[in-house]
K.L.:
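Please find one structure pasted underneath; my questions will follow.
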Amino acid sequence: ATALSAVALSAAHAEDLTIGFSQIGSESGWRAAETKVSKIEADKRGIDLKIADAQQKQENQIKAIRSFIAQGVDAIFLAPVVATGWDAVLAEAKEAEIPVVLLDRTIDTPDESLYLTAVTSDTVYEGKVAGEWLAEKTAGKCAIVELQGTVGSSPAINRKKGFDEAIAVHAEMKIIRTQSGDFTRAKGKEVMESFLKAENGGKNICAVYAHNDDMMIGAIQAIKEAGLKPGSDILTISIDAVPDIFKAMADGEANATVELTPNMAGPALDAIIAYKKDGTVPPKWIQTESRLYLPDTAAAEYDARKDLY
Ligand code: GYE
């Protein structure tokens, strides 16, 4: 009975909350799913979630945050496109006593009081899982090309770091080329085409590591167009677990992915509801799970996810 009334109380309170969400854009399938899930999770809790699409631009995110402050929202969710440059605008939010929750990416700041909590995966760990999987698959011998995410974004920095650490202990694993594909399919394909040209039509390449699945989907297309077989001539390892990568895995054209849940908003909304209700301060980091998926379960995982995306 106590639990039930607590739920009823928070639900009643939640109905009055308005939250502004500065979303990055729609660069990837994962991002589009995150936006969709955020709306569903807000609706479930009776919260008015206003989503502003920044079209990948930090200046648009800063404008959106200022507009949310001017509207007097109860909280701000921010998926920061890059890690630096947030101190001034977040200080304005703090001044206005509006709590900020970071979603899926983190920021570099000397002042952690500028945000209440961050709901993210451990992106260094994701890179490490990817590197360790590839080391095992290739017995520690592999010439790798890397498609990095958006320059200056926390997942691009951290996924590189974790991967580099994992392969550093294997003398014959090397990243022979690395470049940003900005987390998009189109750029992933374009950069992979240049890697293939530069590396003997792809014959020098053992594997592609992409910081997200969308860039890998583009790379797979480029590999096929170059007359090689992705998944066997060139191995693939990427991150997100979007439906299309499971499709590629089921078809033998991709080898592995590390899952990133698109439901960052659910835990963030619960943290804000509790904070607004009785001042409960959440942990500074609410960590979501990261799990490696291989082709054996790919067909089933595709079916389980295709409608959510
Ligand atoms: O992996 C990628 C997206 O910020 C962790 O951003 C997120 C990343 C995700 O565009 O697909």
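Residues: numbered from 1 along the sequence shown. Numbering of ligands and ligand atoms starts at 1, following listing order.
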K.L.:
Group every Ile, Leu, Val, Met, Phe, Trp and Tyr by side-chain heavy-atom contacts under 4.5 Å, then state whether I62 and I107 land in the same group.
P.N.:
yes
K.L.:
For the residue pair A298 and M249, what are the closest heavy atoms and their distance?
P.N.:
CB-CB, 3.6 Å
K.L.:
Suppose we measure from atom 5 (C) of ligand 1 to each protein heavy atom; which comes out shortest, and what is that distance?
P.N.:
R159 NH2, 3.5 Å
K.L.:
Run the numbers for me: atoms of ligand 1, each under 4.0 Å from some heavy atom of S28, listed by number.
P.N.:
2 (C), 3 (C), 10 (O), 11 (O)
K.L.:
Is the shortest distance from a heavy atom of I239 to ligand 1 less than 4.0 Å?
P.N.:
no
K.L.:
Can you check whether T184's main-chain N or O pairs, donor with acceptor, with D214's side chain at less than 3.5 Å?
P.N.:
no
K.L.:
Are any of the N or O atoms of D104 closer than 3.5 Å to those of ligand 1?
P.N.:
yes
K.L.:
Tell me, please, whether Y309 has R31 positioned over its six-membered ring: NZ or CZ under 6.0 Å from the ring centre and within 45 degrees of its axis?
P.N.:
no
K.L.:
For M264, is the nearest heavy atom under 4.0 Å from an atom of ligand 1?
P.N.:
no
K.L.:
So, regarding T123 and ligand 1 (criterion: nitrogen or oxygen to nitrogen or oxygen, under 3.5 Å), is there a contact or not?
P.N.:
no
K.L.:
Looking at E27, which atoms of ligand 1 are within less than 4.0 Å of one of its heavy atoms?
P.N.:
3 (C), 6 (O), 10 (O)
K.L.:
On the 0 to 90° scale, with breaks at 30° and 60°, tag the F163-Y209 ring pair as parallel, tilted or perpendicular.
P.N.:
parallel
K.L.:
Can you report which non-hydrogen protein atom sits closest to atom 9 (C) of ligand 1, along with the distance?
P.N.:
D240 OD1, 3.5 Å
K.L.:
What atoms of ligand 1 come closer than 4.0 angstrom to any heavy atom of L260?
P.N.:
1 (O), 5 (C), 9 (C)
K.L.:
Do any nitrogen or oxygen atoms of W30 come within less than 3.5 Å of a nitrogen or oxygen of ligand 1?
P.N.:
no
K.L.:
Tell me whether K284 forms a cation-pi arrangement with Y115, defined as NZ or CZ under 6.0 Å from the six-membered ring centre and within 45 degrees of its axis.
P.N.:
yes
K.L.:
Output yes when a side-chain donor or acceptor of T257 lies under 3.5 Å from a complementary backbone atom of A241, and no otherwise.
P.N.:
yes
